Amino acid sequence: MKFCPVFLLLRIRKKALERREETIIVDRACRQETLAYELESHAIGKRPNNPTDLVEEGELLLTLNIFYPVIFQKHKERKPYQTVLVLGSQTLTELRDSISCVSDFQIGGEFSSQPDQVPEHITKDLYKSAFFYFEGIFYNDKRYPECRDLSRTIIEWSESHDRGYGNLQSVKMEDYTFNDLSLKIGFPYLFCHQGNCEHIIIITDVRLIHHDDCLDRNLYPLLIKKHWLCTRKCFVCKMYTARWVTNKDSLAPEDPCFFCDVCFRMLHYDTEGNKLGEFLAYPYVDPGIFS
């Protein structure tokens with residue numbers, strides 16, 4: 001029986017992909033272990049070059065676990081995706097700016113007709129409002145003119161029917177440090193941004209800093225642990241991270257379907273850039289880029 005050359009090539013490619021997947025699984029475990037070690041050890045005992053950046057003796061050091069947002073499937077694992085160390089003298093805005101979330105990097109809109117017209121602005125540039133909720137107080141980010149008080153609706157809802165939450169307050173996040181707060185260890189607090197992207201934050205430890213800690217103030221908030229998340233590969237080449245996601249795609253076997261930029265354009269457009277078939281295309285930001 002003679003085999004078609006194309007069929008033979010497909011069989012060879014399939015076996016090569018299977019071997020590579022087995023290698024990736026082993027390599028991934030090694031990289032996770034290496035990454036965890038590097039995060040925990042890279043700043044131990046580090047001193048600043050400038051003496052003015054030295055953390056003062058007696059400074060408070062807080063350990064915070066930041067969980068995946070509720071709208072993200074990974075929150076069901078109940079594992080923090082970031083663990084950070086924060087100095088008591090740091091403002092809440094410093095923690096807010098250090099939190100990495102994939103929803104801050106999304107690009108809104110459907111671009112199947114003009115994939116080259118994707119704007120450079122991400123949602124973090126457009127929607128800067130955010131708040132922390134600690135012990136009955138909403139700490140809103142009001143550093144920019146376009147910032148809104150996201151807690152106003154919640155406070156009005158609470159007061160409208162006397163729902164038993166007491167007198168909720170709203171203050172400016174940038175005016176408070178962690179030393180100003182009254183917090184509970186192990187109690188779930190809230191960080192909200194992008195309107196409805198909500199992260200549980202739990203403080204697991206509060207202690208005085210010692211000489212073996214990182215003493216360079218510029219490195220705080222200091223990331224010490226990060227949950228490893230695999231990137232989603234292109235459905236076609238299975239090599240590169242997905243950059244596009246399509247819906248109602250007449251050329252794809254799945255809905256939604258994910259593509260790298262090269263495969264997306266080769267499959268969906270002719271040499272002149274004209275759209276082939278019917279589909280909706282959206283820029284895709286993979287959560288695994290933070291791993």
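Basis for what follows: all heavy atoms, side chains included, without hydrogens, waters or symmetry-related copies. What you see is a predicted model; the values in this text were computed from it and never measured.
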Worksheet item: Between Phe279 and Val245, is there a shared hydrophobic cluster once you connect ILVMFWY residues whose side-chain heavy atoms come closer than 4.5 Å?
Response: no
Discussion item. Run Asp116 and Arg265 through salt bridge (Lys or Arg N to Asp or Glu O under 4.0 Å) and show every step you take.
Written reply: CA-CA 10 Å; Asp116 293 323; Arg265 294 175 185 271; 2.9 Å; yes
Worksheet item: What is the minimum heavy-atom distance between Ser129 and Glu146, and which atoms define it?
Response: OG-O, 4.1 Å
Worksheet item: Are Tyr133 and Ile154 side-chain neighbours, meaning at least one heavy-atom pair lies under 4.5 Å?
Response: no
Fill in: Selection residues 92-108 - residue pairs positive for salt bridge (Lys or Arg N to Asp or Glu O under 4.0 Å), sequence neighbours left out
Arg96-Asp141, Asp97-Arg143
Worksheet entry | Spatial distance of atom CG (Asp255) from atom CG (Leu280) [nearest 0.5 Å] | 9.0 Å
Worksheet item: Distance from Leu168 atom CG to Glu159 atom CD, nearest 0.5 Å?
Response: 7.0 Å
Discussion item. Using modelled atom types and a 3.5 Å cut-off, is there a donor and acceptor pairing between side-chain atoms of Thr123 and backbone atoms of Ser103?
Written reply: yes
Item to complete: Would you check if Val84 and Val86 make a side-chain contact, meaning some heavy-atom pair closer than 4.5 Å?
Response: yes
Worksheet item: Below 4.0 angstrom, N of the basic side chain to O of the carboxylate: do Lys172 and Asp149 qualify?
Response: no
Worksheet item: Can you find a heavy atom in the side chain of Val262 that is under 4.5 Å from one in the side chain of Tyr240?
Response: no
Worksheet item: Which distance, rounded to the nearest 0.5 Å, do you find between the NZ of Lys226 and the CD of Gln82?
Response: 7.5 Å
Fill in: Over 12 foreign heavy atoms within 6.0 Å of NZ, Lys248
no
Worksheet item: Which pair of non-hydrogen atoms, one from Cys101 and one from His199, has the smallest distance, and what is that distance?
Response: SG-NE2, 3.4 Å
Worksheet entry | Heavy-atom side-chain proximity of Ile66 to Ile99 below 4.5 angstrom | yes
Worksheet item: Which residue, Asn274, Thr246, Asp249, forms the side chain to side chain donor-acceptor pair (under 3.5 Å) with His268?
Response: Asp249
Worksheet item: At their closest point, which heavy atom of Leu219 faces which heavy atom of Cys214, and how far apart are they?
Response: CD1-SG, 3.6 Å
Response to the item:
Distance col, row Glu57:CD vs Leu215:CG, nearest 0.5 angstrom, shows 10.0 Å
Item to complete: May I ask you to check whether over 12 heavy atoms, not counting those of Asn49, lie within 6.0 Å of atom CG?
Response: no
Worksheet item: Can we call the ring centroids of Phe131 and Tyr139 under 6.0 Å apart?
Response: no
Item to complete: Please answer: with hydrophobic residues joined when any side-chain heavy atoms are less than 4.5 Å apart, are Phe138 and Trp157 in the same cluster?
Response: yes
Practice prompt. Decide yes or no for Tyr68 and Pro80: does some side-chain heavy atom of the first lie under 4.5 Å from some side-chain heavy atom of the second?
Written response: no
Worksheet item: Can we say Arg217 and Glu59 salt-bridge, meaning some charged N sits less than 4.0 Å from an Asp/Glu carboxylate O?
Response: yes
Worksheet item: Is atom CD of Glu254 surrounded by more than 12 heavy atoms (other residues, nucleotides or ligands) closer than 6.0 Å?
Response: yes
Discussion item. Using the rule given for salt bridge (Lys or Arg N to Asp or Glu O under 4.0 Å), can you reason through Lys142 versus Glu174, listing the C-alpha separation, both sets of side-chain angles and the distance that settles it, and then say yes or no?
Written reply: CA-CA 7 Å; Lys142 301 301 289 291; Glu174 56 269 29; over 6 Å; no
Discussion item. Quick one: does any side-chain atom of Gln90 pair with a main-chain N or O of Leu87 as donor and acceptor, under 3.5 Å?
Written reply: yes
Discussion item. Could you see if Tyr269 belongs to whatever hydrophobic cluster contains Tyr282? Use Ile, Leu, Val, Met, Phe, Trp, Tyr and a side-chain cutoff under 4.5 Å.
Written reply: no
Please table the atom pairs, donor to acceptor, closer than 3.5 Å between any side-chain atom in residues 181-191 and protein atoms at least two apart or in another chain.
unit_1 : atom_1 : unit_2 : atom_2 : d
Tyr189 : OH     : Glu135 : OE2    : 2.4
Tyr189 : OH     : Lys184 : N      : 2.9

Discussion item. Check whether Glu110 reaches the backbone of Ser112 with its side chain - one donor and one acceptor, N or O, closer than 3.5 Å.
Written reply: yes
Discussion item. With heavy-atom distances below 4.5 Å as the criterion, would you say the side chains of Tyr176 and Thr93 are in contact?
Written reply: no
Discussion item. When you measure from the side chain of Asn50 to the backbone of Asp53, do you find a donor-acceptor pair of N or O atoms at a distance under 3.5 Å?
Written reply: no
Worksheet item: Can you check whether Tyr127 reaches Ile122 side chain to side chain, under 4.5 Å on heavy atoms?
Response: no
Item to complete: Take Cys260 and Cys237 through the side chain to side chain contact (heavy atoms under 4.5 Å, CB included) test and state the conclusion after the steps.
Response: CA-CA 8 Å; Cys260 68; Cys237 67; 3.9 Å; yes
Discussion item. Using side-chain heavy atoms (C-beta onward) and a distance below 4.5 Å, is Arg152 in contact with Ser170?
Written reply: no
Worksheet item: Do Leu267 and Cys263 pass the side chain to side chain contact (heavy atoms under 4.5 Å, CB included) test, and can you show the C-alpha distance, the side-chain angles, and the key distance before you say yes or no?
Response: CA-CA 6 Å; Leu267 179 63; Cys263 294; 6.0 Å; no
Fill in: Smallest separation among heavy atoms of Phe111 and Pro283, with atom names
CD1-CD, 3.6 Å
Item to complete: Tell me, with the steps shown, if Phe178 and Leu92 meet side chain to side chain contact (heavy atoms under 4.5 Å, CB included).
Response: CA-CA 7 Å; Phe178 284 91; Leu92 299 183; 3.6 Å; yes
Worksheet, complete the sentence: With Asn65 as partner, the option from Thr204, Thr83, Asp205 fulfilling side chain to side chain donor-acceptor pair (under 3.5 Å) is Thr83
Discussion item. So, using side-chain contact (heavy atoms from CB on, under 4.5 Å) as the criterion, who are the partners of Thr177 when residues are at least two apart?
Written reply: Thr91, Asn179, Asp180
Practice prompt. With side chain to side chain contact (heavy atoms under 4.5 Å, CB included) as the test, would you mind laying out the steps for Val206 and Leu60 before giving the verdict?
Written response: CA-CA 7 Å; Val206 179; Leu60 278 181; 4.0 Å; yes
Discussion item. Is a donor from one side chain sitting under 3.5 angstrom from an acceptor on the other, for Tyr284 and Asp286?
Written reply: yes
Worksheet item: What distance separates Ile203 CD1 from Leu62 CG, expressed to the nearest 0.5 Å?
Response: 5.5 Å
Worksheet item: Is the NZ or CZ atom of Arg232 positioned over Phe258's six-membered ring, under 6.0 angstrom from the centre and within 45° of the axis?
Response: yes
Worksheet entry | Heavy-atom closest contact (Phe259 atom, Cys234 atom, distance) | CA-SG, 3.7 Å
Worksheet entry | Glu156 atom CD, over 12 foreign heavy atoms within 6.0 Å | yes
Worksheet item: Which pair of non-hydrogen atoms, one from Ala281 and one from Phe264, has the smallest distance, and what is that distance?
Response: CB-CZ, 3.6 Å
Worksheet item: If you measure from CE on Met266 to CG on Asp261, what distance do you get to the nearest 0.5 Å?
Response: 11.5 Å
Item to complete: For the pair Arg207 and Asp213, find out whether any cationic side-chain nitrogen is under 4.0 Å from an anionic carboxylate oxygen.
Response: yes
